[in-house]
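Order of the sequence lines sets the chain letters (A, B, ...), proteins ahead of strands, with each chain counted from 1.
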Amino acid sequence: MVANSGLNSAQKNAVEYFDGPMMVLAGAGSGKTRMLVAKMAHLLQEANVGPYKIIALTFSNKAAREMRERVSRLCGINGQALTVTTFHSFCARMLRTEVEYFGLSKNFSIYDEDESKAIVKSILGKYGISPKEISPYDVLSYIDDLKNKGVYQGRENLEALGIDLDDPFFKYFDEYEHELHRSNALDFGGLITAVLCLFERHPHVLKRFQQRYEYILVDEYQDTNRAQLELLKLLASEHKKICVVGDEDQSIYSWRGADINNILDFEKHFTNVKIVKLEQNYRSSAHIIKAASAVIGNNVLRKGKQLWTENDEGEKITIAELETEKDEANFVLSELEKIRKAGQEKYHDFAIFYRNNFQSRPFEDVLRQKNIPYRIVGGIKFYDRKEIKDVLAYLRLVVNPQDSLALSRIINIPTRGIGATTLKKLEDLAGQLNLSLWGAIEKLLAGADDFGIRLTPKIKLALKNFASFLGECIYLNEKGTSPKIIFEKVIHESGYLDELRAMRDYESAARIENIGEFGRAIEEFQSATPNATLAEFIEGITLDTTQNLDTDNQMGEISLMTIHGAKGLEFPFVFVVGAEEGIFPSSKSMERGQNSVEEERRLFYVAMTRAMEKLFITFVRGRVLWGQLKFNGPSRFLFEVPKENTIWSQNKKPNSLLEDVGKEHGAFDNYDFSQEVDHERYVIHEKAKAPPPNVKFQKGSRIIHTVYGKGTVLDTEGFGAEEKVIIMFPDGAKKRFLVKFAPITADHN
DNA sequence: TCGACGATCGTTTTT
DNA sequence: CGATCGTCGA
């Protein structure tokens with residue numbers, strides 16, 4: 001009975017039901033995690049379900065850890081017995097144990113985005129395509145998109161998934177998969193699709209997992225992609241005891257493949273679905289809840305929930321207009337200090353949220369200047385540093401010698417005289433023999449055949465030395481030598497540290513310091529899990545990028561983060577800054593259209609609902625963007641916040657220079673700053689349209705080029721004699737032409 | 001094999 | 001404006 005105490009009736013319904021598929025639509029601050037924890041506890045204690053029968057899937061390791069810990073504390077059991085994990089870790093673990101059923105060996109590498117991009121680049125290079133013609137980023141996005149939809153090589157009925165097999169990029173997908181395979185590697189998306197593939201081709205394996213995991217719980221369901229939905233459908237099809245928990249209004253990762261339709265169409269994918277809505281909010285004041293509900297009510301793509309609260313009305317939301325981003329930072333700080341001094345609040349009760357990372361700058365400046373403790377959540381990650389990636393590449397190579405990307409990264413770091421030319425020869429050989437780079441090197445050094453590759457004796461010796469050093473490391477690792485010892489061997493005997501030491505500059509010293517930090521992380525890992533392998537350490541850091549956030553001092557620190565980073569958190573006092581058109585909603589989303597703007601609105605909603613007691617939203621009249629002063633006007637979302645829940649605060653400087661500059665630029669035509677503060681003042685009237693420039697080709701129109709054939713105008717620049725067009729051709733190539741000279745005509749068919 | 005220069009292009013980042 | 005990246009030259 002412990003599990004259910006203190007729950008409201010909706011939460012109880014969600015906790016106690018497990019007869020079939022259920023979707024819990026949990027509004028912001030509605031006690032979702034609490035409900036999930038109670039539900040697991042209920043299964044374990046009331047229903048006497050064995051812990052090994054339950055799987056709970058989340059998106060972040062942080063969420064997984066938190067849930068595991070709370071459940072084990074509530075039930076007084078050892079959390080290790082529970083499968084509470086992320087989709088990706090779950091799949092990685094399965095693939096390593098079920099290794100005989102799919103094409104890679106147990107020690108496969110997991111490639112991150114950078115590494116995937118490097119693969120794409122090399123493929124395009126092989127085709128002789130420059131990054132200007134076809135952007136590697138576009139190709140990678142395409143491949144990523146396929147994987148998000150559940151595509152794997154050899155999958156049938158792709159048309160049903162809406163995949164166009166004639167897409168010119170599809171061949172790159174094949175090439176890409178082949179390259180990964182040759183490196184004994186998977187990317188993030190591939191972890192999921194490989195499991196789909198395994199389940200489809202080996203039904204008895206699927207059966208085993210279906211039988212084992214009778215109860216399936218999914219957190220943050222709005223963030224799942226199509227591939228993950230399919231995985232869930234397969235796993236759940238035997239017992240149909242699946243419970244997904246999510247909030248369509250907090251779906252803010254569509255650009256990462258999350259498919260809001262997974263929630264909207266849940267009843268199409270599962271039958272006899274029970275839906276429970278958690279609509280009582282325990283977090284925020286009534287003003288905040290009413291305002292946030294009104295804003296999100298403007299979205300069309302939703303199931304619809306009516307959030308309510310018994311909490312006090314609280315203070316109205318302050319919407320403040322400032323002159324520049326500097327004034328914005330100063331305003332936020334002065335309001336913050338007012339609150340802090342009046343109520344003895346700690347710094348960690350405050351958070352500043354922005355749409356883009358670059359917006360943190362002015363706040364950091366002011367905070368540093370005033371000596372106020374703060375921390376930036378997110379930003380540059382430890383494992384993204386060059387030196388860490390280098391050392392990691394060595395270690396990955398030791399675990400998985402077939403990892404050609406890792407090998408090519410460090411084969412000449414430190415400089416060994418094995419330069420680009422030699423590497424190219426080796427890569428070509430590997431391609432010919434369809435081996436990994438390491439495989440090719442071993443073959444070549446075996447000496448039976450030189451494959452027509454002539455290397456100078458010096459280079460050959462360098463290669464030999466390198467290979468024998470690596471061979472020793474590989475041998476030690478196979479023998480079960482501890483990760484720390486292999487790490488030490490790598491950094492010392494590879495010459496990596498020596499090279500850094502020889503540099504004798506500040507930057508190199510910092511790098512040495514970071515490598516030391518990395519060593520301590522390995523040590524910590526080793527003492528926490530004494531028998532764990534290097535492979536497990538590496539998987540841990542590629543799949544779990546959670547940073548240590550333990551530096552809380554007495555007064556705490558103000559948190560600065562993007563709104564994406566704020567999801568799932570709460571703070572008594574929240575400042576949402578930069579609420580301007582083009583910033584929030586972002587200009588890109590405005591270009592993309594209605595659905596994208598809806599996602600921005602969800603983001604706005606997430607931001608608002610983080611606040612418990614008091615919410616401030618600020619915007620500026622003039623912002624320096626890319627070295628230029630921009631006048632974007634207040635965000636459309638501000639006008640969706642009901643008047644009765646807000647106080648608008650105008651902070652105009654007398655005789656502001658900015659206003660003159662703005663007028664000069666014609667930027668203030670939209671609204672009149674001389675009037676008193678009221679909503680009407682901010683209503684943006686349709687701008688007088690600039691006379692249509694003298695352009696021959698419109699964006700989106702179709703053309704014929706006498707050399708390259710048919711294409712579509714992606715974008716135009718300039719006009720008249722200066723008019724340029726960027727054309728996308730059917731093979732995916734992008735080219736840029738000066739209209740005056742290019743042999744292009746409009747294609748009216 | 002490295003460094004200097006110029007062109008380019010500017011979200012969000014759970015895994 | 002500024003970081004990043006690719007190209008070219010020595």
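- A:Ser141 and A:Asp144 form no side-chain donor-acceptor contact under 3.5 Å, judged by distance and modelled atom types alone.
- Residue A:Thr562 is classed as a sugar-phosphate contact, given heavy-atom separations below 4.0 Å to backbone atoms only.
- Between A:Tyr213 and A:Phe90, the ring-plane angle classifies as perpendicular under the 30° and 60° cut-offs.
- For B:dT8, the base is anti relative to its sugar; the glycosidic angle deviates from 0 by more than 90°.
- Stacking here means ring centres nearer than 5.5 Å and ring planes tilted less than 30 degrees, and by that measure A:Trp255 does not stack onto B:dT13.
- The residue A:Gln222 sits apart from the nucleic acid: no heavy atom pair falls under 4.0 Å.
- Comparing A:Glu600 and A:Thr224 by the nucleotide of DNA chain B that holds the closest heavy atom to each, the one mapping nearer the 5' end is A:Glu600.
- Annotation: salt bridge (charged side-chain N to carboxylate O under 4.0 Å, His left out) contacts of A:Asp365 (sequence neighbours excluded): A:Arg368.
- A:Ala258 comes within 4.0 angstrom of no nucleic acid atom, judged by non-hydrogen atoms across all strands.
- Atom P of nucleotide B:dT11 and atom NZ of A:Lys630 are separated by 13 Å, given to the nearest angstrom.
- Evaluation of atom-type donor-acceptor distances gives no pair under 3.5 Å for the side chain of A:Asn356 against the base of B:dT12.
- For B:dT1, the OP1/OP2 oxygens have a side-chain nitrogen or oxygen of A:Asn412 closer than 4.0 Å.
- OP1 or OP2 of B:dT12 lies within a sub-4.0 Å distance of a side-chain N or O belonging to A:Asn357.
- For A:Thr415, taking side-chain heavy atoms from C-beta onward, the closest of the listed nucleotides B:dC2, B:dT12, B:dT14 is B:dC2.
- The interatomic distance linking A:Leu124 (CG) with C:dG6 (P) rounds to 12 Å, in whole Å.
- Using a cutoff of 4.0 Å between basic side-chain nitrogens and carboxylate oxygens, A:Asp498 and A:Arg501 are scored as salt-bridged.
- Taking atom CG of A:Asn148 as the reference point, atom C1' of B:dT14 lies 13 Å away to the nearest angstrom.
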Test A:Asp249 against A:Asn299 for side-chain hydrogen bond (donor to acceptor under 3.5 Å, both in side chains), laying out the working first.
-> CA-CA 9 Å; A:Asp249 295 332; A:Asn299 269 9; 5.4 Å; no
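- Within 4.0 Å (heavy atoms only), A:Phe87 reaches no atom of the nucleic acid at all.
- In this structure, the CE atom of A:Met561 is 15 Å from the C1' atom of B:dT13, given to the nearest Å.
- Both A:Leu543 and A:Gly419 lie close to DNA chain B; mapped to their nearest nucleotides by heavy-atom distance, the more 5′-ward contact belongs to A:Gly419.
- For the P atoms, the distance from B:dT12 to C:dC5 is 15 Å, rounded to whole Å.
- A donor atom on one side chain and an acceptor atom on the other are not found under 3.5 Å apart for A:Tyr253 and A:Asn225.
- OP1 and OP2 of B:dT14 both lie 4.0 Å or more from every side-chain N or O belonging to A:Thr86.
- Stacking between A:Trp626 and B:dG10 is present: the aromatic ring centre lies within less than 5.5 angstrom of the base six-membered ring centre, and the two planes differ by under 30 degrees.
- Note: A:Phe518 and A:Phe382 have tilted aromatic rings, judged against thresholds of 30 and 60 degrees for the angle between ring planes.
- Between A:Phe637 and A:Phe604, the ring planes are tilted. Angles from 30° to 60° get that label.
- Using a cut-off of 4.0 Å between Lys/Arg side-chain N and Asp/Glu carboxylate O, A:Lys630 and A:Glu580 are scored as not salt-bridged.
- Separating the P atom of B:dT13 from that of C:dG2 is a span of 22 Å, rounded to the nearest Å.
- As judged by a 4.0 angstrom heavy-atom cut-off over every strand, A:Arg602 is placed among residues making no nucleic acid contact.
- Base pairing in DNA chain B yields stems of at least 3 consecutive Watson-Crick or G-U pairs, both distances under 3.5 Å, namely B:1-10 with C:1-10.
- A straight line from OH of A:Tyr354 to C1' of B:dT13 spans 14 Å, rounded to a whole angstrom.
- Put simply, CG on A:Leu603 is 14 Å from C1' on B:dT14, counting in whole angstrom units.
- Rounded to an integer number of Å, the gap from NZ of A:Lys132 to P of B:dC9 is 10 Å.
- At a cut-off of 3.5 Å, with distance as the only test, a side-chain donor of A:Glu220 or A:Gln222 sits close to an acceptor on the other residue.
- Using cut-offs of 30° and 60° on the angle between ring planes, the pair A:Phe353 and A:Phe571 is perpendicular.
- Here B:dT14 presents its P atom at 16 Å from CG of A:Asn225, a figure rounded to the nearest Å.
- Distance from the side chain of A:Lys567 is smallest for B:dT14 among the nucleotides B:dT12, B:dT14, B:dG10.
- For DNA chain B, none of the residues of residues 107-122 of chain A falls under the heavy-atom distance limit of 4.0 Å.
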